[in-house]
Amino acid sequence: MPSTLPDGDPVPADGALPGSALEGLGARPFAFYVHVPFCVTRCGYCDFNTYTATELGPGASRDSYADTAIAEVRMARKVLGDADLPVQTVFVGGGTPTLLAPDDLGRVLAAIDAEFGLAPGAEVTTEANPESVDEAYVAKLREVGFTRVSYGMQSAREHVLAVLERTHTPGRVPQVVEWTRKAGFEHVNLDLIYGTPGETDDDWRASLEAALACEPDHVSAYALIVEEGTRLAAQVRRGELAAPDDDAMADRYLIADELLSAHGLRWYEISNWASSPEAACRHNLLYWTGADWWGVGPGAHSHVGGTRWWNVKHPAAYAARLAEGTTPAYAREVLDAGDRRIERIMLELRLADGCPADLLDDAAVRRAIAAGLIDPAAYERSRAVLTRRGRLLADAVTRDLT
């Protein structure tokens, strides 16, 4: 089941933000994340805030969801006032966003444009499962304004997909990518997962090669995390499946970096590779570089000017609050200068550009350089950049540097 929400400070009923959050509003890039919390089935490894038809209960539905999301977009405009906030990126995630009709996704996008305005050349992404779209659907997505699609491929091996409880067949991915290119999309991402119980190095190589054969301009590769409360965690606890092995995970990451780099995709964030700077996911780069964004949908998180908040989780509770004209926010926190510094280091250090060296203690960086974790040449340019070995140990390196 989905994980629980963190506690925080109460949020005013009208969603009003503290004055500190509104200072400099418009000077920072601004984006929207739209969460679509519906899935046909729940994958065994997933703890995202998603609901199948049997889990949804009364008070919320796919058919009414676009209107509910639009109500939050309009509330966002009221909360943020008259500030000029052209939207640089929109990312629709889930769940399975493409369970909604493309016209519904288009209406949400149109509402964002009407209330805030999409910046010229805005990046507009939706996630999709390969089995959730057909040729007509992706053509309509392009027609209503989407510029990028991210497909959950995960693996090209049937036995790996079975452990993950993914329902598409390996051959489905090349077909949907072909349709997506035919529809006029320049930017296509394929999401992969490594470290699934039963996966071998050869399986992982085969998945990478199958992904590359589709000629995406972006690949994301994530280590499998066994989240408490999921069916996968229960299977591991009972000994039915082996827990992911840290050494095997490191080997798989190196295999990914070598193969993707050899095919012209360069890492720009620890888990992401792109064929060019233009192919990098601009939305995620805004997250990693401290931009402002409004998260629409149940369980969605937002950040504006150092204030972060998160919405109630269940779609019915979310819809009820908006129907009453009340903010769907569950709680919030205001980050102080120390928190923001640590968060900036944690996020920017994941990037190929690294973070400014003056944020860090010089002695700590020197120790990391001596251990082969930080690039000495980049440090001479006043940047702290992880080496490939440093990327394998990124969390530990970050803890040491902060």
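Every value quoted in this text rests on a predicted model; they were computed, and no experiment measured them.
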Quiz item: Would you say Leu118 and Leu109 make side-chain contact, with heavy atoms under 4.5 Å?
Solution: yes
Exercise. Return yes when atom CD1 of Ile225 has more than 12 non-hydrogen atoms of other residues, nucleotides or ligands closer than 6.0 Å, and no otherwise.
Key: no
Quiz item: Take atom CE in Met249; do more than 12 heavy atoms of anything else shown fall under 6.0 Å from it?
Solution: yes
Practice problem: Is it possible for you to check whether Arg391 lies under 6.0 Å from the centre of the six-membered ring of Tyr253, through NZ or CZ, and within 45° of that ring's axis? | Solution: no
Quiz prompt | N/O donor-acceptor pair under 3.5 Å between Asp203 side chain and Thr200 backbone | solution = yes
Quiz item: Does the side chain of Pro6 come within less than 4.5 Å of Glu333's, by heavy atoms?
Solution: no
Self-check item: Check ion pair Arg366-Asp362 (N to O, under 4.0 angstrom)
Solution: yes
Quiz item: Does the Arg205 side chain pair with the main chain of Glu209, one donor and one acceptor, at a distance under 3.5 Å?
Solution: no
Practice problem: State yes or no: are the ring centers of Phe116 and Phe30 separated by less than 6.0 Å? | Solution: yes
Quiz item: If every non-hydrogen atom of Ala21 is compared with every non-hydrogen atom of Thr307, which pair is closest and at what distance?
Solution: CB-OG1, 3.6 Å
Practice problem: Look only at the side chain of Arg266 and the backbone of Ser261, and say whether a donor-acceptor pair between them is shorter than 3.5 Å. | Solution: yes
Practice problem: State plainly whether the residues Asp353 and Arg383 are in salt-bridge range, i.e. N to O under 4.0 Å. | Solution: no
Quiz item: For the residue pair Trp204 and Tyr194, is the inter-centroid distance of their aromatic rings smaller than 6.0 Å?
Solution: yes
Exercise. Go through Asn129 and Thr96 one step at a time and tell me if the side chain to side chain donor-acceptor pair (under 3.5 Å) criterion holds.
Key: CA-CA 7 Å; Asn129 286 342; Thr96 308; 3.2 Å; yes
Self-check item: Glu72 side chain vs Pro328 backbone, donor-acceptor pair below 3.5 Å
Solution: no
Quiz prompt | Side-chain heavy-atom pair Pro29, Arg282 within 4.5 angstrom cut-off | solution = no
Practice problem: Would you give the length of the straight line joining atom CG of Leu25 to atom CG of Leu85, rounded to the nearest 0.5 angstrom? | Solution: 4.5 Å
Quiz prompt | Centroid-centroid distance, Phe38 to Tyr51, less than 6.0 Å | solution = no
Quiz item: Atom CG of Leu17 and atom OG of Ser302: how far apart are they, to the nearest 0.5 Å?
Solution: 9.0 Å
Quiz item: Side chain of Asp245, backbone of Ala248: donor and acceptor closer than 3.5 Å?
Solution: yes
Quiz item: Salt bridge or not for Arg172 and Glu131, using N-O below 4.0 Å?
Solution: no
Self-check item: Check: Ala279 main-chain N/O paired with Ser276 side-chain donor or acceptor under 3.5 Å
Solution: yes
Exercise. Evaluate the side-chain proximity of Cys214 to Leu190: yes if any heavy-atom separation is below 4.5 Å, no if none is.
Key: yes
Quiz item: Between Asn189 and Ser150, is a side chain to side chain donor-acceptor pair (under 3.5 Å) present by the stated rule, with each step listed?
Solution: CA-CA 4 Å; Asn189 172 61; Ser150 178; 2.7 Å; yes
Quiz item: Hey, is the main chain of Tyr151 close enough, under 3.5 Å, to the side chain of Asp191 for a donor-acceptor pair?
Solution: no
Quiz prompt | Option from Trp273, Tyr268, Trp267 for which ring pair (Phe, Tyr, Trp, His ring centres under 6.0 Å) with His218 holds | solution = Tyr268
Quiz item: What's the verdict on salt bridge (Lys or Arg N to Asp or Glu O under 4.0 Å) for Asp400 and Arg367, showing C-alpha distance, side-chain angles and the deciding distance?
Solution: CA-CA 10 Å; Asp400 289 343; Arg367 289 194 298 271; over 6 Å; no
Quiz prompt | Heavy-atom closest contact (Leu401 atom, Arg341 atom, distance) | solution = O-NH2, 4.3 Å
Quiz item: Has the side chain of His303 got a donor or acceptor atom that lies under 3.5 Å from a matching backbone atom of Ala291?
Solution: yes
Quiz prompt | Ala233 to Glu227 - nearest heavy-atom pair and separation | solution = CB-O, 3.2 Å
Quiz item: Looking just at side-chain N and O atoms, do Ser220 and Ser271 make a donor-acceptor pair shorter than 3.5 Å?
Solution: no
Quiz item: For the residue pair His168 and Gly152, what are the closest heavy atoms and their distance?
Solution: CE1-O, 3.4 Å
Self-check item: Interatomic distance, Asn49 atom CG to His35 atom NE2 [nearest 0.5 angstrom]
Solution: 4.5 Å
Quiz item: Does a side-chain N-to-carboxylate-O contact under 4.0 Å join Glu186 and Arg181?
Solution: no
Quiz item: Nearest heavy-atom pair of Asp292 and Gly305: which atoms, and what distance?
Solution: OD1-N, 3.0 Å
Exercise. Under the side-chain contact (heavy atoms from CB on, under 4.5 Å) rule, what do Tyr65 and Asp63 come out as? Steps first, then yes or no, please.
Key: CA-CA 6 Å; Tyr65 186 72; Asp63 292 341; over 6 Å; no
Quiz item: Do you see a donor-acceptor pair shorter than 3.5 Å between the side chains of Arg321 and Asn311?
Solution: no
Quiz item: Taking only residues two or more places apart in sequence or in another chain, which ones pass side-chain hydrogen bond (donor to acceptor under 3.5 Å, both in side chains) with Tyr330?
Solution: none
Quiz item: Hey, are the side chains of Leu208 and Leu192 touching, using non-hydrogen atoms and a 4.5 Å cut-off?
Solution: yes
Exercise. Tell me whether the guanidinium CZ or amine NZ of Arg148 lies under 6.0 angstrom from the six-membered ring centre of Phe185 and within 45° of its axis.
Key: no
Quiz item: Taking 4.0 angstrom as the limit, do Asp67 and Arg107 come out as a salt bridge?
Solution: yes
Exercise. Run the numbers on Tyr287 and His283 for ring pair (Phe, Tyr, Trp, His ring centres under 6.0 Å), then give the verdict.
Key: CA-CA 7 Å; Tyr287 287 160; His283 184 84; 4.5 Å; yes
Quiz item: How many angstroms lie between atom CD of Gln175 and atom OG1 of Thr169, to the nearest 0.5 angstrom?
Solution: 10.0 Å
Quiz item: Do Asp47 and Thr230 have a side chain donor and acceptor closer than 3.5 Å?
Solution: no
Quiz prompt | Minimal non-hydrogen separation, Trp179 against Val133, with atom names | solution = CZ3-O, 3.8 Å
Quiz prompt | Evaluation steps, side-chain contact (heavy atoms from CB on, under 4.5 Å), between Thr125 and Thr89 | solution = CA-CA 8 Å; Thr125 303; Thr89 65; over 6 Å; no
Quiz item: When rounded to the nearest 0.5 angstrom, what distance separates OH in Tyr222 from CD1 in Ile270?
Solution: 11.5 Å
Exercise. Check whether any side-chain heavy atom of Val92 sits under 4.5 Å from a side-chain heavy atom of Thr98, and report yes or no.
Key: no
Quiz item: Any sub-3.5 Å donor-acceptor pair from Thr180's side-chain atoms to Val176's backbone N or O?
Solution: yes
Quiz item: Excluding sequence neighbours, so at least two apart, what forms side-chain hydrogen bond (donor to acceptor under 3.5 Å, both in side chains) with Glu343?
Solution: Arg308
Quiz item: Would Val138 and Val149 count as a side-chain contact (heavy atoms from CB on, under 4.5 Å) if you check the C-alpha gap in whole Å, the side-chain angles of each, and the deciding distance to 0.1 Å?
Solution: CA-CA 9 Å; Val138 292; Val149 183; 5.6 Å; no
Exercise. Determine whether Pro244 and Val226 make a side-chain contact, defined as any pair of heavy atoms from C-beta on separated by less than 4.5 Å.
Key: yes
Quiz item: Are the side chain of Trp293 and the backbone of Val90 linked by a donor-acceptor contact shorter than 3.5 Å?
Solution: no
Practice problem: For a side chain to side chain donor-acceptor pair (under 3.5 Å) with Glu199, tell me which candidate from His159, Arg252, Arg157 qualifies. | Solution: Arg252
Quiz prompt | Interatomic spacing from OG1 in Thr147 to CZ in Arg142 - rounded to 0.5 Å | solution = 6.5 Å
